[in-house]
Amino acid sequence: MAKNDMIIVEVAYVTSAQQCLVALKVTQGCTILEVINQSGILENFPQLKQGCLQVGIFSKRCQLSDRVRAFDRIEIYRPLLIDPKEIRRKKALQNQKI
């Protein structure tokens with residue numbers, strides 16, 4: 001496969017109210033950030049800030065500078081609303097009261 005060959009990838013982003021999955025053809029060798037920019041998701045979700053995106057490919061955390069491969073699904077992660085440790089702590093306290 002030559003560097004100029006096109007590959008198919010997907011970009012996924014989910015909010016509490018909406019799911020967005022964009023499939024697109026990109027040049028082989030593109031970075032995750034380049035693919036996200038080409039997908040149009042940043043324009044559709046202005047709350048996403050390019051410099052502080054947390055991303056992964058098929059649930060495995062990645063860097064924006066990582067290269068994509070054919071059929072990768074890039075996932076943009078939302079920040080946690082509540083720390084998981086805090087949730088467990090609250091549940092433990094509730095269970096002690098019972």
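Here the side chains of Ile87 and Lys90 are not in contact, with every heavy-atom distance at 4.5 Å or above. Using a 4.5 Å cut-off on side-chain heavy atoms (C-beta onward), Thr31 and Asp66 make no contact. In this structure, the side chains of Ser65 and Leu33 stay at 4.5 Å or more apart for every pair of heavy atoms. Ser39 places none of its side-chain heavy atoms less than 4.5 Å from the side chain of Glu10. The side-chain heavy atoms of Ile36 and Leu48, taken from C-beta on, include no pair separated by under 4.5 Å. Side-chain contact between Leu24 and Val11 is present, with at least one heavy-atom pair separated by less than 4.5 Å.
Open room surrounds CD on Gln19; 12 or fewer heavy atoms of other groups in view lie less than 6.0 Å from it. No more than 12 heavy atoms of other residues, nucleotides or ligands shown are found within 6.0 angstrom of CD on Gln63.
In summary, Arg73 and Glu75 engage in a salt bridge, as defined by a charged side-chain N under 4.0 Å from a carboxylate O.
Between the OH atom of Tyr13 and the CD1 atom of Ile74 there is a distance of 15.5 Å, given to the nearest 0.5 Å. In this structure, the separation between CD on Gln94 and CZ on Arg89 is 13.5 Å, given to the nearest 0.5 Å. To the nearest 0.5 Å, the span separating CD on Gln28 from CE on Met6 amounts to 11.0 Å.
Pairing each heavy atom of Phe58 with each of Phe71, the nearest pair is CZ-O, 3.4 Å. Between Tyr77 and Ser59, the shortest heavy-atom contact is OH-CA, 3.4 Å. Listed here is the closest heavy atom pair of Cys62 and Ile57: SG-N, 3.7 Å. Between Lys25 and Gln38, the closest heavy-atom pair is O-OE1, 4.3 Å.
Cluster membership for Val68 and Leu21, using ILVMFWY side-chain heavy atoms within less than 4.5 angstrom, is not shared.
For the pair Gln18 (side chain) and Thr15 (backbone), a donor-acceptor distance under 3.5 Å is absent.
Evaluated for a side chain to side chain contact (heavy atoms under 4.5 Å, CB included) with Ile7, the options Val26, Asp72, Thr27, Val35 yield exactly one hit, Val26.
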Begin from the C-alpha positions of Cys20 and Val14 and carry the test side chain to side chain contact (heavy atoms under 4.5 Å, CB included) through to its verdict.
-> CA-CA 6 Å; Cys20 182; Val14 178; over 6 Å; no
